[in-house]
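Report on the structure given below.
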Number of protein chains: 2
Amino acid sequence: MYEMPKSKSDVAGDVFCAKCPARYLITKLSSKWSLLIIDALKDGPMRNGELMRFIDGISQKMLTQTIKELAEMKLVHREDHQTIPPHVVYSLTPLGEGLQEKICSLDRWIEENVIAMVEDNNSIPLKLI
Amino acid sequence: MYEMPKSKSDVAGDVFCAKCPARYLITKLSSKWSLLIIDALKDGPMRNGELMRFIDGISQKMLTQTIKELAEMKLVHREDHQTIPPHVVYSLTPLGEGLQEKICSLDRWIEENVIAMVEDNNSIPLKLI
DNA sequence: CCGTATCCTACCAGATACTG
DNA sequence: CAGTATCTGGTAGGATACGG
């Protein structure tokens with residue numbers, strides 16, 4: 001799937017090059033849960049339970065796993081207050097804020113153009129009741 | 001995974017709602033191949049072979065499959081000249097052009113911020129040679 | 001409250017071979 | 001050239017139960 005870069009030029013950002021880290025990152029980020037979590041954090045820090053309720057359909061497992069990946073990419077900051085019961089807060093890093101603008105722009109566009117994309121399309125399960 | 005919308009309000013665009021078609025669309029679009037194909041078509045129509053060469057690492061299977069999905073969403077137009085040998089050209093629809101702007105913006109941001117996201121990170125296979 | 005661990009399944013997606 | 005068809009392993013991701 002992802003291959004180790006073999007020369008210095010592979011380190012430059014080019015999503016079209018299979019060996020570039022940029023391809024690795026776009027692979028990681030191109031999941032619905034990554035996009036939705038970053039979008040959800042746009043208005044400020046949120047806790048685990050808040051995210052679970054806000055992002056309808058996400059499981060605890062996928063939330064934890066995806067947030068961990070986003071933290072490794074330095075897009076999300078995890079703040080553990082070390083209390084009992086636990087109090088953990090997630091927020092976007094400055095880097096994450098930059099990405100958030102792009103992702104929110106994408107998400108809002110999708111929401112605004114849903115009808116155009118699904119109309120007259122039998123393979124998309126849209127049902128106006 | 002995706003559930004049929006059960007009331008009219010579910011048809012409005014809200015990616016955070018599991019039953020909204022917008023969620024279905026973001027699920028479909030959040031794949032590396034969808035993002036890369038739409039990005040690749042930004043400078044004009046391309047043929048099957050051109051896309052194969054331009055998008056390093058994509059297989060014929062995934063290209064065909066993903067482009068079919070994008071065509072169903074009315075984002076990509078497939079033009080078959082009905083000749084032998086075959087001559088098929090893919091291009092963005094007007095709707096696809098709108099999405100392309102958002103996706104390219106996202107891709108360029110990723111490329112520009114690769115270094116910041118991967119530095120000091122052992123779990124991301126970056127190797128400066 | 002915020003996780004982890006385990007099991008289990010469906011589908012993603014690469015490899016390969018074949019077609020008009 | 002631009003596909004289709006089939007096989008297969010790998011992994012995403014849900015369900016469930018447990019833990020600090």
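Only a predicted model underlies this, so the values are computations on that prediction, with no experimental measurement involved. Chain A is the first sequence line, chain B the second, and so forth, proteins listed ahead of strands; every chain is numbered from 1.
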Taking side-chain contact (heavy atoms from CB on, under 4.5 Å) as the test, write out the residues that go with Arg108(A), two or more places apart. Asp39(A), Lys42(A), Cys104(A), Glu111(A), Glu112(A), Val15(B), Phe16(B)
Using whole Å, what does the distance between atom P of nucleotide dA12(D) and atom CD of Gln65(A) come to? 7 Å
For a quick test of reading the model, state the closest non-hydrogen atom pair linking Lys32(B) to Ile26(A) and the distance between them. CB-CG2, 4.5 Å
For Ser31(A), give me all partners under side chain to side chain donor-acceptor pair (under 3.5 Å), at least two apart in sequence or on another chain. Ser34(A)
Five-pair end axes of the helix from dC1(C)-dG20(D) to dG20(C)-dC1(D), angle between them (10°): 50°
Residues forming a salt bridge (charged side-chain N to carboxylate O under 4.0 Å, His left out) with Asp107(B), sequence neighbours excluded: none
Without decimals, in angstroms, what is the distance between Ile58(A) CD1 and dG14(D) P? 8 Å
Please report the distance, rounded to the nearest Å, between CE in Met62(A) and P in dT16(D). 18 Å
Checking Ser30(A) now: which residues fulfil side chain to side chain donor-acceptor pair (under 3.5 Å) with it, not counting sequence neighbours? none
Phosphate-side-chain proximity, Ser59(B) and dA13(C), N/O vs OP1/OP2 below 4.0 Å: no
For Pro86(A), which residues count as a side-chain contact (heavy atoms from CB on, under 4.5 Å) partner, sequence neighbours excluded? none
Interatomic distance, Lys32(B) NZ vs dT11(D) P [rounded to whole Å]: 12 Å
Residue pair Ile67(B), Arg78(B): steps toward the side-chain contact (heavy atoms from CB on, under 4.5 Å) verdict: CA-CA 9 Å; Ile67(B) 268 227; Arg78(B) 182 182 189 274; 5.5 Å; no
Per-nucleotide protein contact along nucleotides 1-7 of chain D, 5' to 3', at a 4.0 Å heavy-atom cut-off (B base, S sugar-phosphate only, - neither), is BSBB---
Does Ser91(A) have any side-chain contact (heavy atoms from CB on, under 4.5 Å) partners at least two apart in sequence or in another chain, and if so, which? Pro45(A), His77(A)
Here the distance between atom P of dC2(C) and atom CE of Met46(A), to the nearest Å, is 11 Å
Neighbours of DNA chain D within residues 35-44 of chain B, by heavy-atom distance under 4.0 Å: none
Among all residues two or more places apart in sequence or in another chain, which pass the salt bridge (charged side-chain N to carboxylate O under 4.0 Å, His left out) test with Asp43(A)? none
Provide the full list of side chain to side chain donor-acceptor pair (under 3.5 Å) pairs with a residue in residues 58-71 of chain B, sequence neighbours left out, each pair given once. Lys28(B)-Glu69(B), Asn48(B)-Gln60(B), Gln60(B)-Thr64(B)
Could you state the CD-C1' distance from Glu79(A) to dC1(C), rounded to the nearest angstrom? 16 Å
Residues at least two apart in sequence or cross-chain that pass side-chain contact (heavy atoms from CB on, under 4.5 Å) with Glu101(B), listed by chain then number, are none
